[in-house]
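Notes to accompany the following structure.
The first residue in the sequence is number 1, and the count goes up from there.
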Amino acid sequence: MKKSRTTIGFFIESIREPYELILFSGINAAARKLGMNLLSFVGDHIEKSYKRLKNKVYYLASSRLVDAIIVSTGTITYQEGMDTARFFNHYSGIPLISISQAVDGVPSLILENKSGMRTLILHLLRDHGYRKIAFIRGPERNQDANERFQAYRDALEENNIPFDPGLVAPGDFRIETGRQAINYLLKGQNVKPDAIVAANDIMAEGAIEVLKERGYQVPGDIAVTGFDDLENSAFIYPALSTVRQPLFELGEKALDMALSLINGESVPNSVLLPTVFVIRESCGCIRSRPDSANLRTDYTRSVSKPELLESMNKIFFSRNMEPPLELLKRIVARFFEALEKDSPSLFLRIFFEDVFQFLISVSKEPVWMEVLSMLRIFASSEYKNQEALLIKACDLIDNGRLVVFEITYKANMLQFSITKNRLMLFRPAANEPVDAPDLDTLIRLMARDIPHTGMRGFYLVLCEDYALSEIDASSSRLLFAYDRERYPEAFTEQIQFPTADILPDSILANDRLYSLIIEPLFRGQKQYGIAVSEFYHEDDPYLLFVHKTLLIGSFRALLNIDELEKMNKALTDTLTTLQKTKKELVQKEEISLRDELTGLYNRRGLFILGERVFKETCRGNGCLRVFFIDMDGLKKINDTFGHDEGDRAIRYLAQILATVFKPGDIISRIGGDEFVIIMPECLEADAVLIENRIRKELASFPTNHRKPYALSACIGHVALDPETIEDLDKLVREADRKMYEEKITRKIP
């Protein structure tokens, strides 16, 4: 992929979370405005997975593809350390810019966390009189989170308020930890907090949800504030007081610095961007109606009439938007006219008409709430000594806020309806490729469905496994290419090309201005490829869902196709191995249960197998008999004829027992000359017959085998009586006792 114009690489951990999406959109919009190409590489936190496959996508950024790299250091790393330094050193030949976190030797854009948080805390302390202020922290290793927490502590100290660790709840910037923090902060507290400050808006939103669920009024009972000023922070109820980070301005500044570095110009090592405290309702400001008992300003600053229009313009500039100057002039003029003539409709009509069209066609950002807030700041200072006029102005502004809520809701519902219809059409098509049996089917399904998603472009690439030092030697294969302008019917001719190029040179036109999102396809330790899609700031965020769905669907299909044969072979091999292993285990288990000398079961085998039979007999009320047999005179045979002869005598007795008893009986040798047999379904008469057969066989031993010694044995047997014998061991001991009675009777030592 050749560079046809200045190209910027951008490293980020995600583009779907609210904070990351705003940051990405800001850089995206600024790159498009400046005519630069943008390659956004979406990886992971470098500390936890620097060598893992998801972060291989960062390795694809090289000087042949990009002229500079902007790193969202605050999202891909927690704080500067060994991993961060090593990561940045890899790109030492490319101009680098770090965002949100200072990195030694790298020009860095830093957001002023401390001043914004300090202003917010001081507002709660001084303007509202809150004294018991709780804090929900961000990740403890995150530099931004630590600075915000330190600002909270500094503001308390500055106002002589002791720091109370019990008012600090852990968090990690996710909504769930904001919810959990409320349970943590209110558990066991004798006095509830006056206010809760969250280290970001998302946790604040979660905190407000739980407070409402528990019956608290926000801000009536407990005020809540956040940090970031994400898009929906103005639309939750109550609207969130927060600190705005200039994320759009951050993107433009980063690109300006990158361009300066590309041109060989010097840039500051660190640039600090100010944050802005945005006052809304959740802190207790902007009351629905001032009364004679409380007419003080709700704000820490004032705006004069000559400054009013310029202050409104700045609201739009802070969001990287061109202010609608004529519309703002008409709003200000209608505001004063409506106050003078006591005719609210003069003021409200302009919102129903012109502002509604602006929201539909240009922006859904909550700037109009801030325009009205600016009018409130003006009215609170301008009319603070004119109670009737202040009340009238506040009523007018509050009605304007209701109108903005209504038209914003309509605008959002219109867009939601469009998006929902597109999703309904796309979902079946998105899921179908997952089951594609081969590459040809996958490509055919994608070629059929992707043109209907509204995407500008989508590319699917298969990569061979590569390491950091082997990218230039690795090759990839383009499986699929869709370009709304160049390949509207999809390009399905597979092309082999160097992995380091990301896409073949012939795919993107040389004069093309593009913004590409590059994400890895991998599982475990295997790299499958990358998915590349086009996305611009003005595009419907729905397309990010489409991209993610295609990413997942394509990966699953590739996984199915690429590994189906391997999986089948592996399954066959595994089954063969399992069968062999099972056989070996059975053999080993059988060996462990057998007596080495006789081949009968040993003591372990007797009790393992016997327990099963014993329990089954007890459950079924059947009959069971145990024989205990002790050979006579083994010591004399050993002493007279040797131990080998003694072993032969034992084996002969074992053979007799194997012949006399049935195959299903459990025959065991539990000691030197002791044998135990468990015989199911054996009646007393059967036992007597068996005992006689054993004795007869033993009596014929000297004659049949021409031995100078005789063989005999003492035999005892006992039937199971479940009422008196509760376990197998007791039954064996009872048979042993019976055998010993015979030994005493026969006076055998």
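Separation of atoms OH (Tyr482) and CG (Leu460) is listed at 15.5 Å; rounding is to 0.5 Å. For the atom pair CG (Leu96) and CE (Met257), the distance works out to 11.0 Å, reported to the nearest 0.5 Å. Rounding to the nearest 0.5 angstrom, the gap separating the CG atom in Asn28 from the CE atom in Met36 is 13.0 Å. Taken to the nearest 0.5 Å, the CD1 atom of Ile70 stands 13.5 Å off from the NZ atom of Lys253. Here Leu255 contributes atom CG and Leu38 contributes atom CG; the two are 7.5 Å apart, rounded to the nearest 0.5 Å. A distance of 6.5 Å separates CG of Asp501 from CG of Leu65, quoted to the nearest 0.5 Å.
For Ser108 (side chain) and Val103 (main-chain N/O), a donor-acceptor pair under 3.5 Å exists by modelled atom type. Asp483 places no side-chain N or O within donor-acceptor distance of the main-chain N or O of Gly457, the cut-off being under 3.5 Å. At distances below 3.5 Å, at least one donor-acceptor pair connects side-chain atoms of Thr499 with backbone N or O atoms of Ser475. At least one donor-acceptor pair under 3.5 Å links the side chain of Asn55 to the backbone N or O of Asp44. The backbone N or O of Asn142 sits nowhere less than 3.5 Å from a side-chain atom of Glu140 that would complete a donor-acceptor pair. In terms of modelled atom types and a separation under 3.5 Å, the side chain of Ser241 and the main chain of Ala239 share no donor-acceptor contact. Judged by distance alone, the side chain of Asp228 and the main-chain N or O of Leu230 form no donor-acceptor pair under 3.5 Å. Looking only at distances, a side-chain donor or acceptor of Arg148 sits under 3.5 Å from a matching main-chain atom of Ala199. Under the 3.5 Å distance criterion, the side-chain polar atoms of Asp172 are left unmatched by any main-chain donor or acceptor of Pro139. Distance alone, capped at 3.5 Å, places no donor-acceptor pair between the Asn113 side chain and the Glu147 backbone.
Electrostatic pairing of Lys33 and Glu252 counts as a salt bridge here, judged by a charged N lying under 4.0 Å from a carboxylate O.
Contact check for Leu503 versus Leu516: side-chain heavy atoms found under the 4.5 Å cut-off. Ile507 is not listed as a side-chain neighbour of Phe497, based on a closest heavy-atom distance of 4.5 Å or more. Under the 4.5 Å side-chain criterion, counting only non-hydrogen atoms from C-beta, Val461 is not in contact with Ile502. Val106 places none of its side-chain heavy atoms less than 4.5 Å from the side chain of Val71.
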| query | Does the pair Leu120 and Phe227 meet the rule for a side chain to side chain contact (heavy atoms under 4.5 Å, CB included), with working shown? | reply | CA-CA 9 Å; Leu120 184 152; Phe227 200 105; 5.6 Å; no
| Taking it one step at a time, do Glu205 and Leu240 satisfy side chain to side chain contact (heavy atoms under 4.5 Å, CB included)? | CA-CA 8 Å; Glu205 185 176 344; Leu240 189 65; over 6 Å; no
| task | Evaluate the side chain to side chain contact (heavy atoms under 4.5 Å, CB included) criterion for residues Leu259 and Leu34: first the C-alpha distance (whole Å), next the side-chain angles of each, then the deciding distance (0.1 Å), finally the verdict. | result | CA-CA 10 Å; Leu259 191 58; Leu34 296 172; 5.6 Å; no
| message | The test is side chain to side chain contact (heavy atoms under 4.5 Å, CB included); show your working for Val243 and Met117 and say whether it passes. | response | CA-CA 7 Å; Val243 177; Met117 182 58 77; 5.6 Å; no
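In this structure, Val267 and Ser260 approach most closely via the heavy-atom pair CG1-CB, 3.6 Å. Scanning all heavy atoms of the two residues, the minimum distance from Ile136 to Ala181 falls at CD1-CB, 3.6 Å. Across all their heavy atoms, Glu20 and Ser14 have their closest contact at CB-O, 3.0 Å. For the pair Ser40 and Phe24, the tightest heavy-atom approach, listed with the atom from each and the gap, is OG-CE1, 3.3 Å. Of all non-hydrogen atoms in Ile8 and Ala258, the two that sit nearest each other are CD1-CB, 4.1 Å. Contact between Asp144 and Ser100 at its shortest, heavy atoms only, is OD1-O, 3.2 Å.
Asp67 and Thr6 form no side-chain donor-acceptor contact under 3.5 Å, judged by distance and modelled atom types alone.
Annotation: Phe11 is in aromatic contact with Tyr91 [ring centroid separation under 6.0 Å].
Screening Leu250, Leu23, Ile27 for a side chain to side chain contact (heavy atoms under 4.5 Å, CB included) with Ser72, the sole residue that qualifies is Leu23.
Classification of the Phe135-Phe149 ring pair by plane angle, with boundaries at 30° and 60°, yields tilted.
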